[in-house]
There are 2 protein chains.
Amino acid sequence: MKGKTDKKLEQKNIKPTAMRQLVYEILEKQKKALSLYEIEQQFDNVERSTIFRTLKTFQDNYLIHSIDDGTGAVKYALCDDDCTCKPDDLHIHFLCNKCGQTHCMKDMPVPKMDLAEGFSFENANFVVKGICPNCR
Amino acid sequence: MKGKTDKKLEQKNIKPTAMRQLVYEILEKQKKALSLYEIEQQFDNVERSTIFRTLKTFQDNYLIHSIDDGTGAVKYALCDDDCTCKPDDLHIHFLCNKCGQTHCMKDMPVPKMDLAEGFSFENANFVVKGICPNCR
DNA sequence: AAAACTTTGCAATACTGTTGCACGTACTTA
DNA sequence: TAAGTACGTGCAACAGTATTGCAAAGTTTT
Ligand SMILES: [Mn+2]
Ligand SMILES: [Mn+2]
Ligand SMILES: [Zn+2]
Ligand SMILES: [Zn+2]
């Protein structure tokens, strides 16, 4: 019988290898977005590059999305089941200036914006910075 | 008699050295935001680190603001005269997915957002990505 | 079982940003 | 003006993150 993790991976056309299961489960447990380095820390002996490529595969298949919060390390978080990272699926992210944690604000979609003449919208990265509930 | 550049620098309490004048004028000429590397290219023989520190000084004194557009290199653009990079001064930036140029959308302020309970707003980095007028 | 393809581990590398230190220049003050 | 001090610049080294080539190990297909 197949586990829940395997189903989630296959749902997004990702072959569920051991590595991928583990990385998925790490991301699933978290409330916050994780950097490559933070994921690496959760293992005893796994290759940065393997995790890197795992994350790339996940991202290419819309299992996760990446957030560049300006801290220097890109962070990753799970997408919703039906997400394809199209404009309508985008949400705002919050970086705590104190603890450095980055959160998905899934209830705050990226607002529609009227761009100046000639500019077309494809994608967005909206990061709000401030203090999180834990740090105040 | 003092030049326009010197006045701009002194207005923000920056001593106008030769280096600083040149970097300022490079930024002033541009319609788009420039990376450290791009600025370096405009000189024959200047030190990365000197430009780096020049930009840091500029930023500390609200002469320029930085934009992390996710391309890996932070970009810089001039602030308005009265800017102090407070929430009200923030605007959205546009990164062209084709040519890689990043523009200040100074007429698009960062919208006020109601954050979830417990989160406070200090700052923001909103980047819209798409195709710019030149590339379509 | 062999061939073909995919995933992983290892090592090396690229790129951007950042710092220590020494030297030179500009400003301050006696 | 001369000495003393603060500031700015150049050079070199380093740190952190992302990324790639290549070969070994594992998986799937014929
Ligand atoms: Mn998110
Ligand atoms: Mn701007
Ligand atoms: Zn926090
Ligand atoms: Zn363009």
Given [options], which nucleotide is nearest the side-chain atoms of [X]?
{"X": "B:Thr50", "options": "D:dT9, C:dC27, D:dT20", "value": "D:dT9"}
{"X": "A:Thr54", "options": "C:dT8, D:dC7, D:dC11", "value": "C:dT8"}
{"X": "A:Met19", "options": "D:dA18, C:dT8, D:dC7", "value": "C:dT8"}

Distance check needed: [N] [atom2] versus [X] [atom1], whole Å only.
{"X": "A:Leu34", "N": "D:dT17", "atom1": "CG", "atom2": "C1'", "answer": "16 Å"}
{"X": "A:Ile39", "N": "D:dT17", "atom1": "CD1", "atom2": "P", "answer": "13 Å"}
{"X": "A:Arg20", "N": "C:dG9", "atom1": "CZ", "atom2": "C1'", "answer": "15 Å"}
{"X": "B:Ile51", "N": "C:dG17", "atom1": "CD1", "atom2": "P", "answer": "12 Å"}
{"X": "B:Phe52", "N": "D:dG10", "atom1": "CZ", "atom2": "P", "answer": "15 Å"}
{"X": "A:Leu55", "N": "D:dT19", "atom1": "CG", "atom2": "P", "answer": "11 Å"}
{"X": "B:Gln21", "N": "D:dG8", "atom1": "CD", "atom2": "P", "answer": "13 Å"}
{"X": "B:Tyr37", "N": "C:dC15", "atom1": "OH", "atom2": "C1'", "answer": "11 Å"}

Quick check: is A:Met113 connected to B:Met105 through a chain of hydrophobic side chains (ILVMFWY, heavy atoms under 4.5 Å apart)? yes
Kindly state which residues belonging to residues 61-73 of chain B come within less than 4.0 angstrom of DNA chain C, counting heavy atoms of the residue only, listed by number. B:Gly72, B:Ala73
Could you tell me whether B:Ser35 contacts a base, only the sugar-phosphate backbone, or nothing, with contacts defined as non-hydrogen atoms closer than 4.0 Å? nothing
Check if the side chain of B:Arg48 and the base of D:dG10 share a donor-acceptor pair of N or O atoms closer than 3.5 Å. no
Answer with yes or no whether A:Arg53 presents, from its side chain, a donor or acceptor under 3.5 Å of a partner atom in the base of C:dG9. yes
Under a 4.0 Å heavy-atom cut-off, which of residues 40-47 of chain B touch DNA chain D? B:Val46, B:Glu47
Just checking, is any N or O donor in the side chain of B:Ser35 or B:Lys75 under 3.5 Å from an acceptor N or O on the other one? no
What residues, two or more places apart in sequence or in another chain, satisfy side-chain hydrogen bond (donor to acceptor under 3.5 Å, both in side chains) together with B:Lys106? B:Asp80
Taking only distance into account, with no hydrogens and no angle test, what donor-acceptor pairs under 3.5 Å do side-chain atoms of residues 85-94 of chain A form with protein atoms, sequence neighbours excluded?
{"residue": "A:Asp88", "atom": "OD1", "partner": "A:Lys112", "partner atom": "NZ", "Å": "3.2"}
{"residue": "A:Asp89", "atom": "OD2", "partner": "A:Thr84", "partner atom": "N", "Å": "2.9"}
{"residue": "A:Asp89", "atom": "OD2", "partner": "A:Thr84", "partner atom": "OG1", "Å": "3.4"}
{"residue": "A:Asp89", "atom": "OD2", "partner": "A:Cys85", "partner atom": "N", "Å": "3.3"}
{"residue": "A:Asp89", "atom": "OD2", "partner": "A:Lys86", "partner atom": "N", "Å": "3.3"}
{"residue": "A:His91", "atom": "NE2", "partner": "A:His65", "partner atom": "NE2", "Å": "3.3"}
{"residue": "A:His91", "atom": "NE2", "partner": "A:His93", "partner atom": "NE2", "Å": "3.0"}
{"residue": "A:His93", "atom": "NE2", "partner": "A:His65", "partner atom": "NE2", "Å": "3.2"}

Hey, could you give me the CG/CG distance between A:Asp114 and B:Asp107, rounded to the nearest 0.5 Å? 11.0 Å
Would you give the length of the straight line joining atom NZ of A:Lys32 to atom OG1 of A:Thr102, rounded to the nearest 0.5 angstrom? 8.5 Å
Report the residues that fulfil salt bridge (charged side-chain N to carboxylate O under 4.0 Å, His left out) with B:Glu47, sequence neighbours left out, ordered by chain and then residue number. none
Hey, is the side chain of A:Thr17 poking within less than 4.0 Å of OP1 or OP2 on C:dT7, counting only N and O atoms? no
Quick one, A:Leu9 with A:Phe58, criterion side chain to side chain contact (heavy atoms under 4.5 Å, CB included). Give me CA distance, side-chain angles, the key distance, then yes/no. CA-CA 9 Å; A:Leu9 294 176; A:Phe58 283 6; 3.9 Å; yes
Per-pair distances, 0.1 Å, donor-acceptor, side chain in residues 122-136 of chain B, under 3.5 Å, sequence neighbours excluded:
{"residue": "B:Glu122", "atom": "OE1", "partner": "A:Asn97", "partner atom": "ND2", "Å": "2.6"}
{"residue": "B:Asn125", "atom": "ND2", "partner": "B:Asp68", "partner atom": "O", "Å": "3.0"}
{"residue": "B:Arg136", "atom": "NE", "partner": "A:Gly118", "partner atom": "O", "Å": "3.3"}

Is there a side chain to side chain donor-acceptor pair (under 3.5 Å) between A:Thr5 and A:Gln21 once you walk through the steps? CA-CA 6 Å; A:Thr5 298; A:Gln21 288 166 359; over 6 Å; no
